[in-house]
Amino acid sequence: MFQLTRGSLKKILDGNNVADPILQITQMKNIQNNMDGMTRYKVTLFDGETQHTFGILATQKNALVESNQLRIGSVIKLEEFAANVLSKDPPKVVIILLNFEILGEMDANSKQQPAATISQPNKHVQNENIEPNKSINQNKAKSFFDKKEADFEKPQSTNPPGTFNGFKVFGISSLNPYQNKWAIKARVTNKSNIRTYSNARGEGKLFNVELIDNTGEIRANGFNDQVDKFYEMLQIDQVYYISKATLKTANKQYCRLDNDYEMTFNNETVIQPCDETDNLPRINLNLAKISDISNHAANDFVDVIGVVKSVGDCMTIVTKSTNKELKKRELSIVDNSECAITATLWGKQAEDYDSSDSFPVILLKGAKVGDYNGRTLSVTSTTVVQINPDIPEAHTVKGWFEQGGSESEIQDLSSQGAGGSGMGAGTSIIGHTNWKFLDQLKDEKLGMGDKADYFSTKAYVLYAKKDNSMYTACPGENCNKKIFDQNDGTYRCEKCARNYPNFKWRMILNINLADFADSNWATCFQETAETILGIGTEELGELKNSNDPKFDEVFSECAFKEFNFKLRAKMETYNDERRVKVSAVTVEPIDYVQSGRRILEKIKQFAKEQV
DNA sequence: CCCCCCCC
């Protein structure tokens, strides 16, 4: 006889977390999902006091039923679950059994009779409040049946079929600003936080949701009063009727959804939860292989699914623009394209990420591509994050990882620059992905944005400017400040506010770089200048001091030498003049074997694109 | 009517 955790179901349905409740399976029903062809098991749970008729087994647990290990009468310790509110009115909560231990079994009929059957929770709960044991945000994987909800919950619509609020129900793709007699029936796939803003027009708050139906997707925005009215009601994964909202042209710069329009709720807007889910898709994914992300430009949005192979610590950084402290955490994600990419979580998502879950599958819908040292991903406020989602692609990538993928040689798209990204490794320029020819510097307006742009290039040094290339600097450990000769045998550093008996040489070398396409000036500091001139700064300083003619030769001899460069382009203002300054971050001599291979790859890629 | 998404 097992001690069931009496009262635990009510607590769960009331939105509380309950650690490892002992429950009995008293009913079980096989549901065929005609969307993905997967079998789902709907179970009735009993806690010794009440029953809940709406539990769903995560599909990865199906085998336990099929091998008869889990059956009617089984007693389980429920270690991980997600309680999802399907509707508030009538209240309907599904408990998804994600992870549990089978303790044994009791006779499902001889046990004490339930005092009551909970089919409806006493209190309305919100998804966010039901702490799914291992989630990083409200978008915890929702792993359950899709189309057969009507099998056990009959719709209770008061509207004539195909209408809502007196309007015909249209597909999202047919909405436009010129026709306002419409209703839609759509599923919420993403919901933002409430954001406040303050600008010339005043202050306000807003949120947005993403909606899908079988015809398309659209973003909807709610401002101010509509935030108060609709924010709580609209829940991720739930289906709603919506009518009488404003449609306007979407700004493609900001909207990554496939729709020319977006919706704004207004004070006439009517929204109502809906039980009929009509085969509505749960998420509209356009999954990219991680290897494909190298073909994406910065600021593209991509959908990826992979295994989290390593998790960085939550770190605090200070933003440049606002001097604000910000948390960040980097995850390295791999998939069966045998590539890895770093995805950065920010703020609360970085703090809340549960790093105790080893090698979970992560789904990122709408992650933003960055091009720092190769390619990176950034999880923005509109990115949908799901941990261990119950979709076929998740099982595929997990299977690949477990059956040797974790041991395979992985190419990391995010650690291909000097310094890497903190997740590990490569240091040579040759592994970089953002190679450019020099004409692209101007053509692509590199450095013209707010931030610096980094790129790699193979170029010749046409000319290294000798004049003013060296200066006498403070000998202090980390001070490279220009030092002043006091002409009394001492040298004054204003930064350190002291006199020194000596100085050290430093280099700021301007070079003119050229490839077949263009030429450009770039500044090389110390180490990069040493690489180009092929001499140490101190040694060069001595040549200069002694007026050795070899000093001039050093500069003339580097002409027409070829190097791989990692360059940084950034707009700077000097004497009221704004221009893009280019400086060398890294300079490496060319390994011609590796360089040839890189170019061959480029040619192959080019040939592929021509087909 | 927002539209910032940050750092190396």
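Just so it is clear, the values below take in all heavy atoms, side chains as well, and ignore hydrogens, waters and symmetry mates. For clarity, every value in this text was computed on a predicted model and none was experimentally measured.
No cation-pi contact links Lys229(A) to Tyr231(A), judged by a cut-off of 6.0 Å to the six-membered ring centre and 45° from its axis. Figure legend: cation-pi geometry between Lys566(A) and Tyr372(A), with NZ or CZ positioned under 6.0 Å from the six-membered ring centre and within 45° of its axis.
Within 4.0 Å (heavy atoms only), Ser378(A) reaches sugar-phosphate atoms of the nucleic acid but no base atom. Arg219(A) comes within 4.0 angstrom of a nucleotide base, judged by non-hydrogen atoms across all strands. Base engagement by Glu262(A) is indicated by at least one non-hydrogen atom pair under 4.0 Å involving a base atom.
Stacking between Tyr372(A) and dC8(B) is present: the aromatic ring centre lies within less than 5.5 angstrom of the base six-membered ring centre, and the two planes differ by under 30 degrees.
dC7(B) atom C1' lies 17 Å from atom CD of Gln349(A), rounded to whole Å. Atom CG of Leu326(A) is separated from atom P of dC5(B) by 12 Å (rounded to the nearest Å).
Applying the 4.0 Å criterion to OP1 and OP2 of dC6(B), one finds that Lys368(A) has a side-chain N or O inside that range. Distances shorter than 4.0 Å separate some side-chain N or O of Asn199(A) from OP1 or OP2 on dC2(B).
What you find for Leu413(A) and Ile290(A) is that their closest heavy atoms are CD1-O, 3.2 Å.
Comparing dC5(B), dC7(B), dC2(B) against the side chain of Arg201(A) picks out dC2(B) as the nearest.
Note on ring orientation: taking the six-membered ring where Trp is involved, the planes of Tyr197(A) and Phe223(A) are perpendicular (angle over 60°, cut-offs 30° and 60°).
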